[in-house]
Engineer: 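First the structure, then my questions, so here it is.
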Amino acid sequence: TVGAVALDASGNLAAATSTGGLTNKRYGRIGDTPIIGAGTYARNGNCAVSATGMGEVLLRCTVASDISGRMRYGNQSLKDACHNVVNGEIKGLGGECGVVAVDAEGQVHFSLNCPGMYRGTLDTHGEPLVAIYDTD
Amino acid sequence: MAQFSLAIHGGAGTIEKHRMKADLEQAYRHALADALLAGKNILMAGGSSVDAVVAAVVSMEDNPLFNAGRGSVLTHDEMVEMDAAVMNGKDLNAGALCGVRHIKNPIVLARDIMTGSSHVMLSGDGAEKFAFNEAGHVYTEQDYFFTERRYDQLLDAKSTGRAALSESTFPDDKKHG
């Protein structure tokens, strides 16, 4: 799965996610990626989220909208909302996952509960900053 | 407020440093940087966040390293079946698709569904009909998506009856979705 989130100069947020699914999948199985509010979500003034991981668990936990809701109704920061979701119910259900997110102020946050996630953002000079492992 | 911001991911899971070959790790790092630059160039030129996230995702869909687009994993029937979604925070418009097999860049089709239809999500054959008949997409043969690496992964998964990458013997691909 791949994904991206962005805030543009006009203050508009967007999220995109794309996937090939699971190796050896059958029966037209679909995960969280194309489900708005599960693997992908964006709302101006709030946040944009793209998720990756065990799709069935991410679907049941409606990950992206949960992060959004915690910020909208619980006044949590982007960092706290992402951390609490990724390391909360999902982990309890055995779901390995990661999210990339950006808030209305342009703050970027990555959360993962597994050993690695291919990820990247731009540093303060606009240069690519990439990471793979949870220890990066 | 920052002028603009961008973040990407290329999948998560059990990616083990001690099993990752240096050249493969470098390839991933370069591919991630390329995707970031694709999105950054749009944002720097005053483009929209929607265009930026689509450009970043297209860059990764075109790279066989990632499980999306060209590098999609294979189903039990040795086909690719891809899903994608995009959402615009400005107006809460969204476009999504699932189970497409002949679309080179599913994220572009997701944007076309968002902007060129009155629907949010289209599936399988219907999504492809919309793509070819109304959105100008070109039919892409399954051969485009086939790589030896993904075929070997499928054989590995079939040998143990698995439908996920969690127990894969491939060091960079013990990840999910």
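Each chain gets a letter, A, B and so on, in the order its sequence line appears, and its residues count up from 1. Just so it is clear, the values below take in all heavy atoms, side chains as well, and ignore hydrogens, waters and symmetry mates.
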Engineer: Under a 4.5 Å heavy-atom cut-off, does chain B meet the side chain of Phe110(A), its backbone, both or neither?
Structural biologist: side chain
Engineer: I need the minimum non-hydrogen distance between Thr40(A) and Ala85(B), along with the two atoms involved.
Structural biologist: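 Heavy-atom minimum between the residues: OG1-CB, 3.8 Å.
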Engineer: Find the distance between CE (Met60(B)) and OG1 (Thr1(A)) and round it off to the nearest 0.5 Å.
Structural biologist: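 Here the rounded value is 10.5 Å.
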Engineer: Give, for atom CG of Asp51(B) and atom CG of Asn12(A), the distance between the pair rounded to the nearest 0.5 Å.
Structural biologist: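 Answer rounded to 0.5 Å: 11.0 Å.
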Engineer: Hey, what's the ring geometry for Tyr28(B) with Tyr118(A), parallel, tilted or perpendicular (30° and 60° as the breaks)?
Structural biologist: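 It falls in the parallel class, under 30°.
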Engineer: Need one label for Val108(A): side chain, backbone, both or neither, based on atoms under 4.5 Å from any heavy atom in chain B.
Structural biologist: side chain
Engineer: What are the two closest heavy atoms between Ala6(A) and Leu43(B), and how far apart are they?
Structural biologist: CB-CD1, 4.3 Å
Engineer: Find the distance between OG1 (Thr75(B)) and CG (Leu22(A)) and round it off to the nearest 0.5 Å.
Structural biologist: 11.0 Å
Engineer: Do you know which two heavy atoms are closest between Gly98(A) and Ala12(B), and how far apart they sit?
Structural biologist: N-CB, 4.0 Å
Engineer: With rounding to the nearest 0.5 angstrom, report the CD to CG distance, Gln153(B) to Asn24(A).
Structural biologist: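 Rounded to the nearest 0.5 Å, the CD-CG separation comes to 11.5 Å.
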Engineer: Under a 4.5 Å heavy-atom cut-off, does chain A meet the side chain of Val120(B), its backbone, both or neither?
Structural biologist: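 Contact with chain A involves the side chain of Val120(B) alone.
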Engineer: Would you please go through residues 119-136 of chain A and name the residues with a non-hydrogen atom below 4.5 Å from one of chain B, in numerical order?
Structural biologist: Arg119(A), Gly120(A), Thr121(A), Leu122(A), Gly126(A), Glu127(A), Pro128(A), Leu129(A), Val130(A), Ala131(A), Ile132(A), Tyr133(A), Asp136(A)
Engineer: Nearest 0.5 Å please: distance from the CD1 atom of Ile42(B) over to the CG atom of Asp8(A).
Structural biologist: 11.0 Å
Engineer: At a 4.5 Å cut-off on heavy atoms, which part of Glu25(B) comes close to chain A: side chain, backbone, both, or neither?
Structural biologist: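 Interface part for Glu25(B): both.
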Engineer: Can you tell me how far OG1 of Thr19(A) sits from CD of Glu61(B), rounded to the nearest 0.5 angstrom?
Structural biologist: 10.0 Å
Engineer: Taking all heavy atoms of Ala68(B) and all of Val2(A), pick out the closest pair and write down the distance.
Structural biologist: CB-CG2, 3.8 Å
